[in-house]
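Every number for a ligand or one of its atoms is a count from 1 in the order of the listing. Sequence positions, counted from 1, serve as the residue numbers for this chain. Quick caveat, the model's predicted, so the values are computed rather than measured. When reading the values below, keep in mind they use all heavy atoms of this one structure, side chains included, and skip hydrogens, waters and symmetry mates.
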Amino acid sequence: MAQQYRITLLPGDGIGSEIMAVAVEVLKAVGKKFDLQFEFQEALIGGAAIDATGEPLPAASLDMCRHSDAVLLAAIGGYKWDTLPSHLRPEAGLLGLRAGLELFANLRPAQILPQLIDSSTLKPEVVEGVDIMVVRELTGGIYFGKPKGIFETETGEKRGVNTMAYTESEIDRIGTVAFETARKRRGKLCSVDKANVLEVSQLWRDRITKLAAKYPDVELSHLYVDNAAMQLVRAPKQFDTIVTGNLFGDILSDAAAMLTGSIGMLPSASLGASGPGVFEPVHGSAPDIAGQDKANPLAQVLSAAMMLRYGLNQPAAADHIEKAVLAVLERGDRTGDIMSPGMNLLGCQAMGKGLLKTLEEI
Ligand code: IPM
Ligand code: MG
């Protein structure tokens, strides 16, 4: 009998529904090939949820996610909701989902595909062979630390406050994921902090260093975040696995993404200690091209592959999707964001169709 999975789809805003439609077709196709049966259920998040219910993450959506085997998310946000107070913005929906499912570990791979080497703004010899995994802490740090808010001081002046805080156990659990990840890759882990200035980073460095004793096969190094940002664009090949806190990981993962030429290619996985993970592209909702059939669906499709690999333990089906993506790029199919001279410019739907055909052929 086919293995059954209940998948919650969160298309969100902007290009979300266009790229999600492609990923769903791809999942159905690999499902047939690998005897997996997906039951898809859709829920609201972000701006779409605000418009329909007044809240960026309705309780019904979180509940549906909790009762599924994995969650596939597209993207949230748009100009329309940018002026709302922070707890009612689409981003609050995403943060609520991460917190609600306790998804403390965010895996963001940035791998240069030989077919796209010319899409990078960096010189080919700098980026050729880059293969980095950013392990970002996702439910702590300055995103969630308290106190937070905008308060009035005694003089009547306003003061904005956020707090960067990590407990030992929060550092240990993300550190463990990072060491385990590095062990399965090239055995190198770089921990990024700001321990020359921040106490929270001193504790971070201390705990990560202690954990290293359990992983003698992993070579650990430490960098300050400013230096890490510089090294990422100067000599990115020195990195294998990077572990860092929520805010530094947000920033460095965008920088790492751009090494590959297009943020439109990169998937991510957000995982907890148990329960369903959330799999989503690193890119945003691209409201400027929404509804125009121009979006690159490949990061969404690769997120579905990560879902199969890390969420559902179906590595063969994941491999098959990743192989098909490489094959369509190999024959020159491109969306606008990764277009280069001599290649075939396709829209989102045509890219999806090509991918489906390739899934059958390979
Ligand atoms: C990301 C995004 C989010 C973040 C936003 C949309 C809340 O930038 O996933 O990197 O800051 O974590
Ligand atoms: Mg970000």
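Listed as neighbours of ligand 1 are Glu91, Leu94, Arg98, Arg108, Arg136, Tyr143, Asp250, each bearing a heavy atom under 4.0 Å from the ligand.
For the Mg ion (ligand 2), the nearby protein N/O/S atoms, meaning those under 2.8 Å, are Asp250 OD1.
Of the candidates Lys214, Lys210, Arg207, Asp172 forms a salt bridge (Lys or Arg N to Asp or Glu O under 4.0 Å) with just one, namely Arg207.
Leu189 approaches Ala178 most closely through the heavy-atom pair CD1-CB, 3.9 Å.
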Any chance you could lay out the salt bridge (Lys or Arg N to Asp or Glu O under 4.0 Å) test for Glu180 and Lys184, step after step, and finish with the verdict? CA-CA 7 Å; Glu180 295 288 340; Lys184 289 189 209 128; 5.4 Å; no
side-chain contact (heavy atoms from CB on, under 4.5 Å) for Thr244 and Glu137? Distances and angles first, verdict last. CA-CA 6 Å; Thr244 190; Glu137 200 290 328; over 6 Å; no
I'd like to know whether Phe104 forms a side-chain contact (heavy atoms from CB on, under 4.5 Å) with Val177, so could you lay out the CA-CA distance, the side-chain angles of the two residues, the decisive distance to 0.1 Å, and finally the verdict. CA-CA 10 Å; Phe104 67 88; Val177 170; 3.9 Å; yes
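Asp13 and Trp81 share no side-chain donor-acceptor pair at under 3.5 Å. Under the 3.5 Å distance criterion, with hydrogens and angles disregarded, a donor-acceptor pair is assigned to the side chains of Gln231 and Gln238. Remark: the Ser340 side chain and the Asp118 side chain contain no N/O donor-acceptor pair separated by less than 3.5 Å.
For Glu91 and Arg89, the salt-bridge test passes: some basic side-chain N is under 4.0 Å from an acidic carboxylate O.
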